[in-house]
Amino acid sequence: MQLFRKVAGSHSPILDRTLPPLTRSANYSQLWMTIAALMWVFGGRFHRRAALRGMFGLSLASWVANLPAKLMTRRVRPLIDVVPEARRLARLPRSSSFPSGHSASAFGFAVGAALEAPHLALP
């Protein structure tokens, strides 16, 4: 909680500009679906398979994080009073804060895609 307050309370125009759009792009896995679509269209056979495997990994990780794991933990979201107005989302999520659905989806997609195309693991 102390780390959250320290980062949230920091003055950073870069974070103010980048975090809200980045967060919105990850909602409903839009960011990962866009990357998968680009891999499908512009990649070869292995990238298409990596996109499919990434979406499967994302689906599985997202389901686990957003349903059973959140129901078991029910961690309350931190108060956003220390977060600068510029970094706040217009609509706050109603689900519990842990585990993070965004992080689980990103991890699931990255692992799934990298298992099929290991050269994608680094990026």
Side-chain angles (χ1 to χ4, degrees):
M1 187 59 92
Q2 288 176 326
L3 180 60
F4 170 78
R5 287 191 174 281
K6 185 173 182 163
V7 172
S10 67
H11 175 71
S12 174
I14 293 171
L15 292 179
D16 293 349
R17 282 191 309 273
T18 58
L19 287 181
L22 181 62
T23 298
R24 283 190 301 273
S25 75
N27 286 346
Y28 306 106
S29 302
Q30 293 171 351
L31 175 63
W32 307 112
M33 288 190 282
T34 301
I35 291 171
L38 291 171
M39 289 168 62
W40 186 271
V41 172
F42 296 109
R45 183 181 71 169
F46 291 110
H47 284 139
R48 286 192 291 275
R49 287 178 51 165
L52 288 175
R53 190 176 263 197
M55 289 307 297
F56 176 76
L58 177 151
S59 299
L60 181 62
S62 182
W63 181 84
V64 169
N66 287 306
L67 292 174
K70 282 190 187 248
L71 288 173
M72 289 188 319
T73 58
R74 296 187 187 268
R75 181 175 166 195
V76 178
R77 289 190 176 274
L79 295 176
I80 63 164
D81 58 344
V82 295
V83 178
E85 191 73 34
R87 284 188 230 159
R88 294 183 191 178
L89 298 174
R91 289 181 23 214
L92 295 177
R94 292 188 178 150
S95 63
S96 61
S97 69
F98 182 83
S100 166
H102 284 167
S103 296
S105 296
F107 177 80
F109 183 83
V111 169
L115 286 173
E116 193 63 45
H119 63 279
L120 297 174
L122 184 60

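FYI, side chains are in, hydrogens and waters are out, and symmetry mates aren't considered; it's all heavy atoms of this structure.
With a 4.5 Å cut-off on side-chain heavy atoms, Leu58 and Phe107 do not count as touching. With contacts defined as side-chain heavy-atom distances shorter than 4.5 Å, the pair Ser29/Phe109 does not qualify.
Connection of Met33 to Met39 is established within a shared hydrophobic cluster, with ILVMFWY side chains joined at heavy-atom distances below 4.5 Å, either directly or through further cluster members.
Qualifying side chain to side chain contact (heavy atoms under 4.5 Å, CB included) partners for Ser25, counting only residues two or more places apart in sequence or in other chains: Leu22, Leu31. Under the rule for a salt bridge (Lys or Arg N to Asp or Glu O under 4.0 Å), Arg48 has no partner lying at least two apart in sequence or in another chain.
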Please output the side-chain donor-acceptor pairs of residues 112-123 that fall under 3.5 Å, not counting sequence neighbours, one pair per line with the distance.
{"from": "Glu116", "atom 1": "OE2", "to": "Arg49", "atom 2": "NE", "distance (Å)": "3.0"}
{"from": "Glu116", "atom 1": "OE2", "to": "Arg49", "atom 2": "NH2", "distance (Å)": "3.0"}
{"from": "His119", "atom 1": "NE2", "to": "His47", "atom 2": "NE2", "distance (Å)": "2.9"}

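Interatomic distance, Gln30 CD to Ser105 OG, rounded to the nearest 0.5 Å: 11.5 Å.
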